[in-house]
Protein chains: 2
Amino acid sequence: MAKIPHRLYLTEDQMPTQWYNLRADMPAQHDPLLNPGTLQPITEPELYPIFCKELTHQEIDSATRFVDIPEEVQEIYKMYRPSPLCRAYHLEKALGTPAKIYYKFEGNNTSGSHKLNSAVAQAYYAKEQGITKLTTETGAGQWGTALSEACAYFGIDLDVFMVKVSYEQKPFRKAVMQVFDANVTPSPSALTEIGKKILAENPGTGGSLGCAISEAVERAVTTENCRYVLGSVLNQVLLHQSIIGLESAIAMEQLGEYPDVVIGCAGGGSNLGGLIAPFMRDKLTGKANPRIVAVEPASCPSFTRGKYAYDFCDTGKVTPMARMYTLGSGFMPAPNHAGGLRYHGMSPILSKLYHDGYMEAVSVKQTDVFDAAVFFAKNETILPAPESAHAIRGAIDEALRCKETGEAKTILFGLTGTGYFDMTAYAAYHDGKMVDHVPSDEELQKGFDTLPHIPQNEGI
Amino acid sequence: MAKIPHRLYLTEDQMPTQWYNLRADMPAQHDPLLNPGTLQPITEPELYPIFCKELTHQEIDSATRFVDIPEEVQEIYKMYRPSPLCRAYHLEKALGTPAKIYYKFEGNNTSGSHKLNSAVAQAYYAKEQGITKLTTETGAGQWGTALSEACAYFGIDLDVFMVKVSYEQKPFRKAVMQVFDANVTPSPSALTEIGKKILAENPGTGGSLGCAISEAVERAVTTENCRYVLGSVLNQVLLHQSIIGLESAIAMEQLGEYPDVVIGCAGGGSNLGGLIAPFMRDKLTGKANPRIVAVEPASCPSFTRGKYAYDFCDTGKVTPMARMYTLGSGFMPAPNHAGGLRYHGMSPILSKLYHDGYMEAVSVKQTDVFDAAVFFAKNETILPAPESAHAIRGAIDEALRCKETGEAKTILFGLTGTGYFDMTAYAAYHDGKMVDHVPSDEELQKGFDTLPHIPQNEGI
């Protein structure tokens with residue numbers, strides 16, 4: 001066959017018109033969300049005050065294998081998708097590896113990441129339901145930016161609670177969201193009861209995604225015609241993000257390739273769950289057997305050092321409880337620059353797959369991640385987001401192992417976004433001021449102590 | 001024919017393998033560069049202390065119509081090119097115009113702009129000649145970033161003199177260049193004699209491209225095995241940037257389209273000259289007759305209010321003299337946020353074409369530019385660089401005229417880059433603190449007074 005191009009873009013008519021719901025092919029479903037009051041599985045109507053109806057349905061529905069992407073959503077996807085499937089020839093050469101490295105690059109839109117894929121869908125369903133205001137949280141700012149873009153497009157008002165440490169590290173993220181008319185507040189804030197409580201208990205806190213989620217949820221349920229939306233963790237988000245994997249699979253098939261290993265960074269699981277979806281399907285249905293690897297920060301190691309337990313999705317304990325790999329909703333991660341990965345929990349779908357042995361996970365230190373990020377930037381012309389660079393680290397390590405063994409493996413990783421708003425972190429790395437933090441067992445135990453004391457968690 | 005896609009990417013084998021030298025089809029050439037000492041046309045060897053030999057040749061050679069793109073340069077182009085030709089369906093709809101709006105988007109690489117097209121070529125020729133160090137200037141930081149990327153790739157040491165006002169407005173630009181190991185100095189600086197002189201005369205100056213050029217040239221000619229490179233104005237740069245127009249023309253032909261009007265922002269002319277190249281060729285050879293429109297800032301109006309005269313390319317008057325539209329090398333533009341357009345002169349090729357009536361030019365005010373930028377971002381998912389937004393303003397104005405007249409014109413404009421490092425400007429716009437500055441005739445006259453008093457300028 002012809003030489004594989006450096007960048008492969010599908011044509012518009014090759015783009016998927018349906019999302020893929022991985023749950024439909026899972027031999028066993030994750031344990032249900034629980035109503036924290038009754039400890040009973042939560043029903044769709046119970047979620048209506050928080051989520052739009054259609055999104056609630058997508059959250060609960062594990063049976064429908066393919067979901068039509070609404071035409072209006074497809075229309076927006078066509079402005080920044082398909083994203084390219086890239087062959088990293090230059091990286092391969094610089095590493096001297098026999099491995100073939102591919103990456104799916106999601107950074108070519110103003111949010112700078114894959115987050116727009118779900119933001120557009122969620123804003124669309126909100127608008128269809130007549131919702132006039134949305135609230136959300138953002139860590140690194142990618143999700144907040146993406147949702148700001150989507151809300152500006154559909155004319156929906158938006159309140160963003162931004163993790164305070166990211167708000168301070170990334171001063172220009174706020175400005176981007178304001179271009180799209182979003183209201184941005186550092187979290188914890190005095191705008192909500194839960195924010196006030198967290199501030200009273202821990203005045204100097206830099207916040208966390210879990211804490212910002214609490215504030216956004218409280219704001220949604222106490223505001224007229226308002227709903228809450230979330231950029232990761234949720235099943236609906238993984239559904240929307242399946243577009244990443246579906247495009248990747250089509251592109252790889254066109255190239256006559258198939259990955260031996262698929263690698264993604266893992267914070268709440270949005271990118272990872274989307275990227276791996278069709279490949280995990282092949283694995284679950286016996287069609288192929290790729291390795292699936294999650295890469296997470298050593299400073300916030302949900303998969304590799306967390307408990308598989310029921311937990312709240314937020315610090316303020318206002319959300320339903322999900323069974324997932326978690327460090328405890330009270331775990332306060334060190335200020336890792338990869339703000340998008342500073343989350344105590346993990347997607348219930350991915351947690352279940354990991355627990356059942358379908359996935360691997362590794363954790364990596366921050367300075368090793370930035371080594372990989374800079375090496376990648378110099379060879380592939382893209383400056384990666386710190387979050388994305390976790391996957392690069394994983395892919396480079398895999399490629400270096402191939403160099404030792406002489407195996408010409410095919411590696412596919414997800415390059416979720418660009419690092420243009422992460423220059424404080426790059427400057428710290430450049431100046432030798434970046435600190436690695438790996439929580440001690442005692443620090444982790446403090447987080448685990450905040451897990452709900454419910455029968456379902458007994459013996460964990 | 002089938003519906004035109006939102007984004008058209010050429011395949012790798014459709015990419016041009018030669019640059020196009022517009023001069024070969026011009027009925028009359030621009031006046032030659034002059035040696036400021038002798039006032040005689042400069043020869044190639046006289047330029048060797050400043051430029052690499054191959055680039056010097058490209059600078060002078062007006063006869064060769066097509067120049068092979070070296071394979072190593074093509075290899076890098078394939079990492080971030082072809083850039084997409086975009087149909088602005090969403091912008092058209094939001095404007096309610098019958099016009100068809102296309103744009104060529106050059107922002108999908110870490111430099112965030114088209115500048116990488118020439119940076120890669122110039123660094124390549126330097127490396128081929130065994131040059132170990134390069135110097136340059138940068139305004140907005142796009143060129144500096146692009147050249148940093150290219151130099152990191154080829155292992156060349158780089159000194160960047162960055163216009164002080166941009167250095168201060170864009171603190172993170174320095175950090176990006178440092179990722180690629182460049183040495184960045186705000187200009188004017190105390191590192192050069194000319195910098196010291198300018199600082200002594202005008203201690204509070206925010207600098208200008210012309211001033212930074214002087215410093216970079218001085219540094220190059222006083223440093224061992226070092227050369228100077230420039231990201232705009234020069235003929236060689238327009239040659240390399242022809243890749244933009246060539247790809248656009250191939251893509252439009254595939255779509256069965258041809259532009260009635262081609263619009264580009266104009267600072268030194270690198271993007272504009274590259275974008276229009278094949279369309280200007282059609283015009284010069286009688287094959288077609290598209291309108292060609294330059295859009296420049298009202299604060300630095302070289303085309304629309306400048307003189308067509310011989311002038312230095314820099315403030316320190318160390319470069320050869322070029323005949324071009326100029327505000328005088330001593331003109332100090334107001335701190336417009338579009339730092340890449342704050343240049344007193346203009347490409348000699350474009351100046352000649354404009355002078356001979358083949359092009360039009362308009363100037364636009366900064367706040368009007370940002371109105372267009374934000375409107376565009378909300379509708380097309382791309383946050384434009386302020387420089388690029390000048391072209392957007394031009395295209396929107398053209399489309400609105402079509403709305404009045406009912407004409408369904410085909411508009412093509414160049415979207416040169418992204419605005420991720422311009423959030424200070426966007427925040428100022430958002431907060432209503434952006435100031436429009438249009439120089440008075442008296443201010444312009446002060447600049448004109450600095451034009452060289454040479455026989456060639458008599459009567460101007």
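Residue numbers begin at 1 in each chain, while the letters A, B, ... track the order of the sequences.
Residue contact with chain A, scored on non-hydrogen atoms closer than 4.5 Å, involves the backbone and the side chain of Tyr420(B) alike. Neither the backbone nor the side chain of Thr11(A) comes within less than 4.5 Å of any heavy atom in chain B. When heavy atoms are compared at a cutoff of 4.5 Å, Tyr429(A) does not approach chain B at all. In this structure, the portion of Tyr426(A) lying under 4.5 Å from any heavy atom of chain B is its side chain and not its backbone. Heavy atoms of Ser148(B) lying under 4.5 Å from chain A are absent altogether. For Phe180(B), the parts lying near chain A are the backbone and the side chain together; criterion is any non-hydrogen pair under 4.5 Å. For Phe421(B), the part lying under 4.5 angstrom from a heavy atom of chain A is the side chain only. Residue contact with chain A, scored on non-hydrogen atoms closer than 4.5 Å, is absent for Thr418(B).
Between Ala175(A) and Met423(B) the shortest heavy-atom distance is C-CE, 3.5 Å. Pairing each heavy atom of Thr110(A) with each of Thr381(B), the nearest pair is OG1-O, 2.7 Å. Residues Glu12(A) and Arg7(B) approach most closely at OE2-N, 4.2 Å, considering heavy atoms.
Note on Tyr80(B), Tyr9(B), Phe105(B): by heavy-atom pairs under 4.5 Å with chain A, the leading option is Tyr9(B). Listed options Leu8(B), Leu116(B), Leu383(B), Ile76(B) were ranked by heavy-atom pairs under 4.5 angstrom with chain A; first place goes to Leu383(B). Chain A forms the most heavy-atom pairs under 4.5 Å with one residue out of Ala152(B), Cys86(B), Pro5(B), Ala427(B), and that residue is Pro5(B). Contact tally against chain A (heavy-atom pairs below 4.5 Å) for Arg81(B), Lys378(B), Arg87(B), Glu149(B): the top residue is Lys378(B). Chosen from Asn109(A), Val179(A), Ile382(A), Val374(A), the residue pairing most often with chain B at heavy-atom distances under 4.5 Å is Val179(A).
Contact annotation: the side chain of Tyr89(A) never approaches that of Lys78(B) to less than 4.5 Å [non-hydrogen atoms, C-beta and beyond]. Residues Asp422(B) and Phe172(A) are not in side-chain contact: their nearest non-hydrogen atoms beyond the backbone lie 4.5 Å or more apart.
Leu91(B) CG to Met79(A) CE: the interatomic distance, rounded to the nearest 0.5 Å, is 10.0 Å.
Within 6.0 Å of the NZ atom in Lys127(B), the count of heavy atoms belonging to other residues, nucleotides or ligands exceeds 12. Within a 6.0 Å sphere centred on CD of Glu253(A), heavy atoms belonging to other residues, nucleotides or ligands number 12 at most.
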